[in-house]
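I have placed the structure first, in the form of structure tokens, so that the comments after it can refer back to it.
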2 protein chains.
Amino acid sequence: MMLDTSTIPGYTIYREEQGGSSQIDPATLQPPLHPLDQLSVEEISVTAQVIRNHTAFQAVKFNCITLREPRKDEYAAFKSGQMSTLDRRAFAIVIDKSSGKVAEVVVNLTSGTVEDLKVLDEVAPTLTLEDLDVCERICRTDERVIRVCQEIGISDMSKVFLDAWAIGFDDRWGMERRLQQGLAYYRDSAYDNQYAHPLDFSVVLDTDKEEVLAVDVRLVNGERTQVPFEQHNYLPEFIGDGYVHDSLKPIDITQPDGPSFRMRGNQLHWAGFKMHIGFNYREGIVLSDVSMYDMYEKRDRELFNRISVVEMVVPYGNPQAPHQRKHAFDVGEYGTGLMTNSLKLGCDCKGVIQYLDAVLSTGDGLPAVIKNAICIHEEDNGLLYKHTDYRDGSVISARDRRLIISQIITAANYEYAFYHIFTLDGTYKLEIKLTGMLNTYCLHSSEIAAPYGTEVARGIDAHNHQHIFSLRVDPSIDGPRNSVIEQDAMPSEHPVGSEENMYGNAFLSKPTLLRTAKEGVRDYCHETSRAWAIVNPHSTNPSSRKPVSYKIINNNCPPLLAKPGSMVHSRAAFARHSLWVVPYKDYEIFPAGDYVCQSSGQPGHPHNPTIVDWAERDESIEDTDIVCYVQFGLTHFPRTEDFPIMPAEPVSVMLRASNFFVKNPALWVPPTAINKDKTSQYAVSPVDATPPSSCCAAPRIPSRL
Amino acid sequence: MMLDTSTIPGYTIYREEQGGSSQIDPATLQPPLHPLDQLSVEEISVTAQVIRNHTAFQAVKFNCITLREPRKDEYAAFKSGQMSTLDRRAFAIVIDKSSGKVAEVVVNLTSGTVEDLKVLDEVAPTLTLEDLDVCERICRTDERVIRVCQEIGISDMSKVFLDAWAIGFDDRWGMERRLQQGLAYYRDSAYDNQYAHPLDFSVVLDTDKEEVLAVDVRLVNGERTQVPFEQHNYLPEFIGDGYVHDSLKPIDITQPDGPSFRMRGNQLHWAGFKMHIGFNYREGIVLSDVSMYDMYEKRDRELFNRISVVEMVVPYGNPQAPHQRKHAFDVGEYGTGLMTNSLKLGCDCKGVIQYLDAVLSTGDGLPAVIKNAICIHEEDNGLLYKHTDYRDGSVISARDRRLIISQIITAANYEYAFYHIFTLDGTYKLEIKLTGMLNTYCLHSSEIAAPYGTEVARGIDAHNHQHIFSLRVDPSIDGPRNSVIEQDAMPSEHPVGSEENMYGNAFLSKPTLLRTAKEGVRDYCHETSRAWAIVNPHSTNPSSRKPVSYKIINNNCPPLLAKPGSMVHSRAAFARHSLWVVPYKDYEIFPAGDYVCQSSGQPGHPHNPTIVDWAERDESIEDTDIVCYVQFGLTHFPRTEDFPIMPAEPVSVMLRASNFFVKNPALWVPPTAINKDKTSQYAVSPVDATPPSSCCAAPRIPSRL
């Protein structure tokens with residue numbers, strides 16, 4: 001069966017030419033510019049070809065084909081010149097179409113061979129967009145679904161829409177089948193907002209067998225819930241002439257000399273920063289080899305080996321079935337890369353934009369490209385510093401810039417915009433903006449939404465939920481051997497009036513070295529403004545006499561509110577804590593497991609360990625190659641203002657230089673007195689239409705004075 | 001004695017003409033455009049004249065002359081048309097030059113009379129810039145100061161600089177004198193950074209008598225501390241050709257059709273928001289009558305009566321004398337208005353800027369104007385919302401704007417930039433950027449900086465400190481009668497497996513109504529992501545069926561780290577808690593008291609109550625006219641990166657609509673598909689100099705496929 005993959009919106013699929021040979025000689029593959037570059041279109045084709053030619057599998061569905069990054073020691077040897085070449089490898093997860101067995105395959109593209117093949121039990125790979133596409137298609141023609149729709153007055157099945165979601169874990173079927181669930185909505189017309197018309201049933205289906213397993217109808221007092229038919233729309237088709245034009249005058253952002261960054265392939269240089277920008281189907285953007293030029297030491301200094309968002313979970317807080325199933329792991333269950341938007345100039349970002357494409361693959365092993373998947377641009381960032389000498393009024397000020405590497409994903413109803421931001425003071429900040437549509441459900445006339453949700457419009461319940469993200473930071477603060485020191489702001493322990501604290505004003509930052517992985521499981525503490533310094537114990541700041549460090553600043557980290565014993569508490573164990581620190585291991589990336597779909601989260605799974613298992617090893621995290629998992633996010637009690645489409649809500653986490661540089665690292669930036677801004681201008685108030693000196697609150701100078 | 005006030009940098013002083021009559025007939029004063037407008041230059045002159053003509057005072061130093069805002073009931077009656085006119089009033093604090101007595105004077109400018117005069121005991125008014133100017137002048141010629149300088153090898157007193165600070169409370173003199181202290185530094189040349197050369201002594205002086213009272217020298221093991229003579233500079237004079245030019249290409253921000261806001265005098269309209277922008281010597285910017293147009297209800301809806309930053313404290317954490325004295329209250333002790341910078345186009349803000357001037361007064365009662373004290377501009381604010389229908393790839397997105405009303409102050413070494421920000425979703429956010437210079441002190445060769453400070457360069461200790469701001473919000477959420485509900489995100493109390501919480505995933509927002517002022521003293525709770533909803537119990541959101549509200553979002557609120565029993569814990573009582581809610585009283589504004597200088601902070605002061613006294617009354621704060629004091633800020637353990645000049649560090653607090661509007665209030669904003677951005681463009685990578693489709697990670701399309 002050949003899937004009609006050309007229907008994946010936003011994907012450009014590279015099909016084999018009719019009648020042409022589909023065999024490519026691996027020896028003809030062009031080597032990548034950089035070992036961490038995404039697989040090319042050609043490399044994906046070759047990977048699929050090598051796997052298909054392998055005897056073990058004849059009819060497979062490709063779940064993913066992606067770069068197998070080199071092992072860290074290999075890559076370090078290559079970078080240092082100890083190794084002159086690196087073999088290029090691809091990693092694929094395949095599903096045998098007849099048996100349903102899952103296997104991981106490593107293909108050596110340099111040699112054109114399958115290098116490793118591992119068949120795994122009790123795992124369910126990511127649900128791809130093609131997998132999710134099954135849901136609506138088969139449900140609309142399923143007799144049970146048709147019947148439950150008819151019961152609530154819907155006969156036209158083309159108006160019934162099903163958002164396909166992972167199911168969490170459903171013990172009716174366990175792991176024998178690759179499951180998904182469909183959440184049902186109604187649309188009155190093609191572009192009508194379906195989230196205004198949630199239906200009272202959901203569907204469970206077998207992804208690979210394309211079979212509806214159950215239609216779960218919720219009855220309240222034995223009754224079905226009426227469809228909320230009232231429209232709540234936001235698209236231009238419905239707003240019509242409801243927009244207010246010319247109220248917001250244009251703001252033009254132009255860069256006549258181009259952007260300040262330079263790119264060679266996927267390597268970026270900007271304002272002293274250097275990094276490689278990678279991308280894969282699961283994590284989306286991956287930043288590697290991040291370094292910053294130190295103007296004082298006159299050398300590039302390593303900061304981070306690798307940064308990416310490796311997991312997230314969105315647990316919903318309504319206790320009624322089937323809502324406990326709603327706790328989406330958008331990275332692990334669907335793939336942040338797969339759900340990436342193709343960006344549009346001037347819509348998603350303004351200014352001079354450099355886009356990079358994403359190279360993915362289809363279930364048939366065909367290369368698929370998302371054009372403009374990654375946006376790179378810079379923005380003015382306000383004041384970098386300012387000081388006025390109050391004695392003579394002399395002023396110095398400089399303006400900051402930020403470089404932003406971004407990606408926006410659509411996860412059914414929600415959108416997440418990921419902004420990896422660098423500023424001139426050496427800071428890295430991940431800001432995520434949450435927008436899109438609230439997940440909604442219908443209210444029976446006897447129900448109220450409180451306390452587990454908000455009635456955002458009559459009969460429409462938007463449930464309480466959390467968004468908890470996991471940022472994986474593989475640091476290399478001045479080199480690979482790092483430690484983490486927890487820092488708590490505390491009053492001096494000495495009493496007021498004592499010699500050590502005579503006036504009672506003493507306070508300090510109390511350091512606690514985290515020595516093993518179990519000690520590395522930490523929570524944020526508001527009372528002490530807790531932060532975590534990633535230090536290099538071998539590199540001492542000559543002024544502060546402290547080890548150089550980058551500090552994790554993370555006070556946007558709500559605790560996981562689901563209780564111990566709940567499914568999500570078990571499956572999203574990573575989200576229980578603000579920070580986990582573990583020693584680095586090759587290919588140990590995903591804190592909720594490599595296979596998140598249908599995972600139970602129980603520790604000790606032979607093929608699917610989670611961060612709980614890694615921490616349980618309790619290995620040393622002191623003065624060694626470590627990895628930090630930083631959890632952050634927000635708890636969302638929906639507001640009527642979030643309906644029918646949510647104003648973007650930002651949340652962020654930061655890594656800031658702390659006694660890393662000997663001085664302010666941005667003193668090379670010319671101040672505004674030298675680097676004059678020619679484009680800013682005085683406003684003339686349109687109402688008064690007089691020059692600013694009189695239209696503002698300037699004094700009327702009395703002639704008598 | 002006539003002060004040479006023309007030397008106040010940034011002030012334009014309006015002097016009386018030589019030989020001309022200095023008497024103005026109050027009847028000739030032009031009425032203001034708006035009752036909340038600052039006093040005009042002429043009104044300040046008349047106020048001084050009326051006070052001088054009053055018999056009680058013949059020789060006075062004017063500490064302040066500022067608008068006496070109308071009482072709330074009067075102003076409401078005027079706005080509603082019940083009163084046709086409002087008398088215009090000025091408020092002055094004067095110091096009798098001979099006796100040193102302090103009086104508050106209310107002048108009715110409409111009638112030209114002193115309407116109220118109150119002599120106060122045991123209070124010390126704000127230290128003005130003129131007051132602070134005394135310090136360096138008299139210290140340089142003081143024999144004791146000269147001698148202690150000579151002892152450490154400094155003979156040229158023109159190279160000795162003293163930053164004048166309030167003193168907190170020094171029991172050597174109590175309240176008989178108006179005190180200040182001078183922190184001593186050295187400069188090698190005119191623009192040399194003095195904070196690189198802190199000296200080991202400080203001076204206490206009488207502000208009004210211009211008399212040095214004490215020179216406090218710190219001895220370590222009986223020794224003086226050597227001057228750290230090494231230079232650490234950041235000004236162009238010293239950087240020379242050390243700047244890296246052309247690395248940051250220009251970013252031009254232009255608004256060809258002008259800004260989107262309109263102003264009539266000091267009243268601003270922008271994107272549905274309306275407000276009045278006031279200013280005074282103490283609070284700086286004051287926003288009044290903030291409302292937003294509701295597109296659904298087709299009316300302006302009141303949000304806030306008045307918003308301003310009414311206090312801040314910067315306690316330092318080094319226990320050694322004399323550092324316990326360092327806990328600056330920059331609003332109460334110096335006046336945020338008085339310290340305001342005159343802003344420069346393209347340096348402080350970019351785009352099309354509307355400036356407003358500040359009208360202040362001198363010690364002689366002369367009007368003084370800071371040109372361009374307030375900046376009003378708008379910025380693109382990224383995504384307002386976005387959603388992609390994954391089924392067909394259709395996309396809707398709109399861009400957000402923010403309106404920013406800002407002011408930057410210089411408080412000796414530090415600068416604070418205050419940004420009052422409004423966004424299209426109805427949010428108000430106060431962001432403060434901290435920059436300027438760290439306060440520094442010298443280290444004796446036997447000392448180390450840790451744990452109470454950081455050695456930011458050899459021999460220079462920057463002490464741990466906190467910045468805690470107090471934002472006063474006088475809400476009027478859909479009208480004057482409001483309440484505050486504390487909201488805590490909590491797991492359901494029902495156990496996993498119970499009927500109410502079968503799956504353990506249930507969580508909710510637990511509401512707690514704050515009923516009296518004592519209950520209104522609250523702390524942030526990280527574990528419950530605590531927020532406070534200011535609600536109008538008489539206005540119910542028809543969808544959510546909850547009272548309409550604006551939520552205080554404040555998780556940047558470190559606890560005050562000074563211990564109970566310390567001077568700062570007593571004086572800065574407001575900073576002990578994240579939130580205080582009290583009933584509204586006319587002219588009850590400043591939580592650390594009207595007179596902060598030399599205040600002890602003890603409750604029960606007859607002329608100088610603080611928020612502790614207001615809360616102690618324990619009056620009802622339920623369904624009444626209330627005021628919220630929101631404390632936020634940060635704890636700063638200095639980093640070497642903060643030296644010699646600090647990269648700006650932002651901190652913010654937010655007020656967000658929560659079930660206030662029935663839907664997203666920004667659906668009137670045309671989406672980008674309709675409102676096309678013509679100025680953004682694709683980048684061409686300068687290194688590869690090829691079009692973006694090939695210079696980025698686009699696939700090389702294999703010809704065979």
Side-chain angles (χ1 to χ4, degrees), chain A residues 9 41-42 243-244 248-249 251-252 254 257 260 262-263 317 319 324 346-347 352 354 356-357 383 385 387-388 393 410 425 435-436 451 489 496 503-509 526 529 558 561-563 565-566 635 637 639 647-648 658 668 670 672 677 679-680 683 685 687 696-699 702, chain B residues 9 41-42 243-244 248-249 252 254 257 260 262-263 317 319 324 346-347 352 354 356-357 380 383 385 387-388 393 410 425 435-436 451 489 496 503-509 526 529 558 561-563 565-566 635 637 645 647-648 658 668 670 672 677 679-680 683 685 687 696-699 702:
Chain A
V41 161
E42 205 169 8
Y243 293 120
V244 180
L248 296 175
K249 310 292 182 192
I251 295 183
D252 292 341
T254 52
D257 301 344
S260 314
R262 293 178 302 138
M263 296 203 67
Q324 83 284 0
C347 295
V352 177
Q354 172 81 58
L356 302 180
D357 297 345
L383 277 183
Y385 61 77
H387 184 58
T388 299
T410 298
D425 65 350
T435 178
V496 184
Y503 309 98
N505 64 312
F507 70 86
L508 47 82
S509 174
H526 165 69
S529 304
L561 292 170
K563 290 199 167 186
S566 68
T635 300
F637 298 107
R639 316 169 294 161
S658 184
W668 62 271
T672 46
D677 174 354
T679 61
S680 295
S685 176
V687 170
C696 59
Chain B
V41 161
E42 205 168 6
Y243 293 119
V244 179
L248 297 175
K249 310 290 182 193
D252 293 341
T254 52
D257 300 344
S260 314
R262 292 178 304 136
M263 296 204 68
Q324 84 284 0
C347 295
V352 177
Q354 172 81 58
L356 303 179
D357 298 345
D380 180 87
L383 277 183
Y385 61 76
H387 183 59
T388 299
T410 297
D425 64 350
T435 176
V496 184
Y503 309 98
N505 64 312
F507 70 87
L508 47 82
S509 174
H526 165 70
S529 305
L561 292 171
K563 290 199 165 183
S566 67
T635 300
F637 298 107
I645 187 165
S658 183
W668 60 271
T672 45
D677 174 353
T679 62
S680 295
S685 177
V687 171
C696 58

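Just so it is clear, the values below take in all heavy atoms, side chains as well, and ignore hydrogens, waters and symmetry mates. Throughout, a chain's letter reflects where its sequence line sits, starting with A, and its residues are numbered from 1.
For a residue to count as touching a neighbouring chain, one of its non-hydrogen atoms must lie under 4.5 Å from one of that chain's; by this rule Ser658(B) touches chain A with backbone and side chain alike. For Thr635(A), the part sitting under 4.5 Å from any heavy atom of chain B is the side chain, from C-beta outward, and nothing else. Only the side chain of Thr410(B) comes within contact range of chain A, with at least one heavy atom under 4.5 Å from a heavy atom of that chain.
Summarising the geometry of Gly565(A) relative to Val496(B), their closest heavy-atom pair is O-CG1, 3.9 Å, with the distance given to 0.1 Å. Counting all heavy atoms, side chain and backbone alike, Lys249(A) lies closest to Ser260(B) at N-OG, 2.8 Å. Taking all atoms of both residues into account, the shortest heavy-atom contact from Ala562(B) to Asn505(A) is CB-CA, 4.2 Å. Nearest approach of Tyr385(A) to Thr435(B), heavy atoms of both residues: CA-OG1, 3.2 Å. Annotation for Leu383(B) and Cys347(A): closest pair CD2-O, 4.0 Å, computed over non-hydrogen atoms. The two residues Ser529(A) and Pro558(B) have their closest heavy-atom pair at OG-CB, 3.7 Å.
The greatest number of non-hydrogen atom pairs below 4.5 Å with chain A, out of Gly317(B), Gly346(B), Pro451(B), Gly393(B), is found for Gly317(B). When Asp380(B), Asp425(B), Val244(B) are compared by the number of non-hydrogen pairs under 4.5 Å with chain A, Val244(B) comes out ahead. Contact tally against chain B (heavy-atom pairs below 4.5 Å) for Asp252(A), Leu508(A), Thr679(A): the top residue is Asp252(A). By number of non-hydrogen pairs under 4.5 angstrom with chain B, the leading residue of Ala648(A), Ala489(A), Pro647(A), Gly436(A) is Pro647(A).
Rounding to the nearest 0.5 angstrom, the gap separating the CG atom in Asp257(A) from the CG atom in Leu248(B) is 12.0 Å. Summarising the geometry, atom CD1 belonging to Ile251(A) is positioned 10.5 Å from atom CG belonging to Asp677(B); distances are rounded to the nearest 0.5 Å.
Residues passing the side-chain hydrogen bond (donor to acceptor under 3.5 Å, both in side chains) test with Ser566(A): none are found, sequence neighbours excluded. Applying the side-chain hydrogen bond (donor to acceptor under 3.5 Å, both in side chains) criterion to Ser509(B), with sequence neighbours excluded, gives no partner residue.
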